[in-house]
Amino acid sequence: METFPKIISVDDHTVEPPNVWRDRLPSKYHDVGPRVVRAPLKEMTFLGGKFAPVMGAKGDDGPIGDWWVYEDLHRPLTRLDTAVGYDRDEIKLEVITYEQMRPGSFSVPDRLADMDVNHVQSALCFPTFPRFCGQTFTEAKDRELGLLGVRAYNDWMVEEWCGPDAAGRLIPLTLIPLWDARLAAAEVRRNAARGVRAVAFSEIPPHLGLPSIHTDEWDPFLEACNETGTVIAMHIGSSSRMPSTSADAPPAVGSTITFANCCFSMVDWLMSGKFERFPNLKIMYAEGQIGWIPYILERANVVWEENRGWGGVADKVLRPPSELFAEHVFGCFFDDAFGLKNLDSIGVANVLYETDYPHSDSTWPKSREVGEAQMGHLAPDVVDRIVRGNAIDLLGLTPEGLWPGA
């Protein structure tokens with residue numbers, strides 16, 4: 001391509017600085033709220049989609065890393081959290097410290113510099129310590145502290161990570177208290193009032209012990225999103241259960257089929273009737289890729305057409321699922337040549353680009369080159385829609401692709 005549009009990535013990640021919660025929580029919570037401790041690793045496994053680290057005691061043997069400690073939780077920073085800049089064969093499941101990660105993982109000026117290197121203009125970032133939709137706070141014992149933790153993260157995200165120093169190039173994505181849909185609705189409205197247009201949610205809430213979207217339990221939250229134009233963003237793994245096949249399956253199995261939860265989730269939404277009830281609702285699947293979408297839409301249409309009488313959806317899904325998809329659902333990819341070859345079966349308006357910085361799957365610093373190679377057969381106006389135009393419309397950015405609330 002002679003020119004390639006400046007990228008608006010709808011799936012990058014921030015590694016929260018150590019002081020995010022200590023700076024914002026009341027002093028009485030400093031010993032139980034999220035904080036960073038440097039400690040040795042005792043053991044760590046990642047099998048069957050389950051990540052299981054064990055923190056050693058001071059003075060124990062083992063590699064030293066920085067750990068987030070919160071109530072009974074001990075969660076280390078790992079090389080997989082921030083792998084950019086390392087050779088693929090050097091990226092291993094190991095604990096690290098802040099000094100051992102690329103500064104752009106947690107520092108705004110360094111992040112902007114790394115975005116410049118990668119032809120990225122703007123980026124929406126998912127959390128690390130809270131996990132992809134704030135499950136960490138949902139699993140905690142103290143609900144009052146959990147709610148304060150969610151709000152503290154959102155304040156940091158809006159005021160600092162996406163604040164004036166970011167010059168509109170970092171786009172806020174906030175969390176909700178998943179355990180209470182009414183509190184969640186209030187948090188959506190609080191953040192929408194300061195310009196936030198995206199909120200993280202779980203791809204499959206029942207995996208977190210929460211109600212499914214087939215119930216009415218989430219309606220206050222959905223109504224708030226519908227009312228404020230807040231996009232529901234679901235990242236792979238936001239149900240705390242990565243797809244796998246057996247307890248001893250190596251991580252490569254899950255890594256190959258990471259899209260599976262997105263697939264299941266999208267069918268849930270298409271058959272839920274929620275898009276009929278909340279006509280302004282928009283959802284997006286971060287890091288889910290897009291090549292699987294055409295067949296799912298084809299199959300969902302067949303089921304709706306032929307089986308809706310006994311399938312439990314005749315009274316609530318009033319149009320073909322493919323039509324609902326076109327109006328409400330967005331797929332996000334960073335490396336999917338097959339999906340781009342089948343773009344007509346997905347819809348140009350329903351596809352967004354991402355770079356996944358700083359994770360091990362990230363295409364940084366060659367996201368432009370990957371895009372040029374995979375989109376070379378597409379017309380320039382189509383490339384522009386995928387790489388930036390659709391994100392501008394969906395997230396309420398300025399025509400220049402910047403977040404107006406900065």
Query - Heavy-atom closest pair, residues S246 and S244 - result: O-OG, 3.7 Å
Query raised in the report: Hey, are the side chains of P358 and D114 touching, using non-hydrogen atoms and a 4.5 Å cut-off?
Result: no
Query - F137 ring center within less than 6.0 Å of Y70 ring center - result: yes
Query raised in the report: Would R38 and E99 pass as an ion pair if we require N to O under 4.0 Å?
Result: yes
Requested in this report: Mark yes or no for whether D336, through its side chain, and I290, through its backbone, hold a donor-acceptor pair below 3.5 Å.
Outcome: yes
**Report entry** Aromatic ring pairing F221/W218, orientation class (parallel under 30°, perpendicular over 60°, tilted between)
**Finding:** perpendicular
Query raised in the report: Is the closest side-chain heavy-atom distance between S105 and Y98 below 4.5 Å?
Result: no
Query raised in the report: Where is the tightest heavy-atom contact between R111 and C125, given as atom of each residue plus distance?
Result: NH1-SG, 3.4 Å
Query raised in the report: Is a donor on one side and an acceptor on the other found under 3.5 Å between the side chain of T128 and the backbone of T14?
Result: yes
Query raised in the report: Counting heavy atoms not belonging to D61, are there more than 12 under 6.0 Å from its CG?
Result: no
Query raised in the report: Looking at side-chain heavy atoms only, is the closest gap between W403 and L170 below 4.5 Å?
Result: no
Requested in this report: Determine the minimum heavy-atom distance between H13 and D356, stating which atoms define it.
Outcome: NE2-OD1, 3.1 Å
Query raised in the report: In terms of side-chain geometry, is the basic nitrogen of R182 or D219 positioned less than 4.0 Å from the acidic oxygen of its partner?
Result: no
Report task. Would you indicate whether the side-chain heavy atoms of E187 and R151 approach each other to under 4.5 Å? Result -> yes
Requested in this report: Please report the closest heavy-atom contact between V95 and Q100, naming both atoms and the distance.
Outcome: O-OE1, 4.5 Å
Query raised in the report: Nearest 0.5 Å, what's the CD-OG distance between E354 and S362?
Result: 9.5 Å
**Report entry** Donor-acceptor under 3.5 Å (S122 side chain, G401 main chain)
**Finding:** yes
Requested in this report: Among W156, F106, Y153, find the residue that satisfies the ring-ring contact (aromatic ring centres under 6.0 Å, His included) test when tested with W161.
Outcome: W156
Query raised in the report: After noting the C-alpha distance and the side-chain angles of L25 and R22, does the key distance pass the side chain to side chain contact (heavy atoms under 4.5 Å, CB included) rule?
Result: CA-CA 6 Å; L25 292 177; R22 289 191 61 97; over 6 Å; no
Requested in this report: Tell me, with the steps shown, if L222 and I232 meet side chain to side chain contact (heavy atoms under 4.5 Å, CB included).
Outcome: CA-CA 9 Å; L222 299 181; I232 296 176; 3.7 Å; yes
Query - cation_pi(R308, W304) dist<6.0 Å, angle<=45 - result: yes
Report task. Ignoring hydrogens and angles, tell me if any N or O in the side chain of D180 forms a donor-acceptor pair with the backbone of L183 under 3.5 Å. Result -> yes
Query raised in the report: Between R169 and D116, does at least one N-O distance fall below 4.0 Å, as a salt bridge requires?
Result: yes
Query raised in the report: Between atom CD of Q374 and atom CZ of F334, what is the distance when rounded to the nearest 0.5 Å?
Result: 10.0 Å
Query raised in the report: Roughly how far, to the nearest 0.5 Å, is NE2 of H328 from CZ of F278?
Result: 12.0 Å
Query raised in the report: So, D155 and R194, do they make that salt bridge, N to O below 4.0 Å?
Result: yes
Query raised in the report: Once you round to the nearest 0.5 Å, how far does CG of L124 lie from CG of L173?
Result: 5.0 Å
Query raised in the report: What orientation do F126 and H235 show, parallel under 30°, tilted 30 to 60°, or perpendicular over 60°?
Result: perpendicular
**Report entry** Nearest atoms (heavy-atom pairs only) where V317 meets S272
**Finding:** CG2-N, 4.4 Å
Query - Test applied, side-chain contact (heavy atoms from CB on, under 4.5 Å); reference residue, F333; option that passes from L352, L340, D11 - result: L340
Query raised in the report: Backbone N or O of E327 within a donor-acceptor pair of the K282 side chain at under 3.5 Å?
Result: yes
Query - No-hydrogen, no-angle side-chain donor-acceptor test under 3.5 Å, H359 and D81 - result: no
**Report entry** Spatial distance of atom OG1 (T45) from atom CG (L93) [nearest 0.5 Å]
**Finding:** 8.5 Å
Query raised in the report: Would you say R35's side chain and D31's backbone share a donor-acceptor pair under 3.5 angstrom?
Result: yes
Query raised in the report: Counting only N and O atoms by type, is there a donor-acceptor contact under 3.5 Å from the side chain of H119 to the main-chain atoms of K366?
Result: no
Query raised in the report: Given L343 and V382, is the side chain to side chain contact (heavy atoms under 4.5 Å, CB included) satisfied, shown in steps?
Result: CA-CA 10 Å; L343 191 60; V382 172; 3.7 Å; yes
Requested in this report: Would you check if V32 and D142 make a side-chain contact, meaning some heavy-atom pair closer than 4.5 Å?
Outcome: no
Query raised in the report: Just by distance, do the side chain of D165 and the backbone of E160 share a donor-acceptor pair under 3.5 Å?
Result: no
Query - Between N301 and E305: side-chain donor-acceptor atoms closer than 3.5 Å - result: no
**Report entry** Side chains of F330 and Y285 in contact at under 4.5 Å (non-hydrogen atoms)
**Finding:** no
Report task. Check the surroundings of atom CG in D381: do more than 12 heavy atoms from other residues, nucleotides or ligands lie under 6.0 Å from it? Result -> yes
Requested in this report: Any chance you could lay out the side chain to side chain contact (heavy atoms under 4.5 Å, CB included) test for S202 and H207, step after step, and finish with the verdict?
Outcome: CA-CA 9 Å; S202 174; H207 285 349; 6.0 Å; no
Report task. Give a yes or no answer on whether the side chain of N118 reaches the backbone of V120 with a donor-acceptor pair at less than 3.5 Å. Result -> no
Report summary line: Only residue of D335, D12, T363 satisfying side chain to side chain donor-acceptor pair (under 3.5 Å) with T355 is D12
Query raised in the report: Within a strict 4.5 Å, meaning less than it, do heavy atoms of the L297 and W292 side chains meet?
Result: no
Query - Audit row: R277, D216, salt bridge (charged side-chain N to carboxylate O under 4.0 Å, His left out) steps and yes/no - result: CA-CA 11 Å; R277 296 185 55 202; D216 294 335; 3.4 Å; yes
**Report entry** Close side-chain approach of F264 to E203, heavy-atom, < 4.5 Å
**Finding:** no
Report task. State plainly whether the residues E223 and K274 are in salt-bridge range, i.e. N to O under 4.0 Å. Result -> no
Requested in this report: Please name the pair of heavy atoms, one in I236 and one in C262, separated by the smallest distance, quoted to 0.1 Å.
Outcome: CG2-SG, 3.4 Å
Report summary line: In this structure, OG of S367 is separated from CE of M115 (nearest 0.5 Å) by 11.0 Å
Requested in this report: Look only at the side chain of T136 and the backbone of F129, and say whether a donor-acceptor pair between them is shorter than 3.5 Å.
Outcome: yes
Query raised in the report: Hey, is R189 close enough to E227 for a salt bridge, meaning N to O under 4.0 Å?
Result: yes
Report task. Would you kindly check if the NZ (Lys) or CZ (Arg) of R388 is within the cone defined by 45 degrees around the ring axis of Y353 and under 6.0 Å from the six-membered ring centre? Result -> no
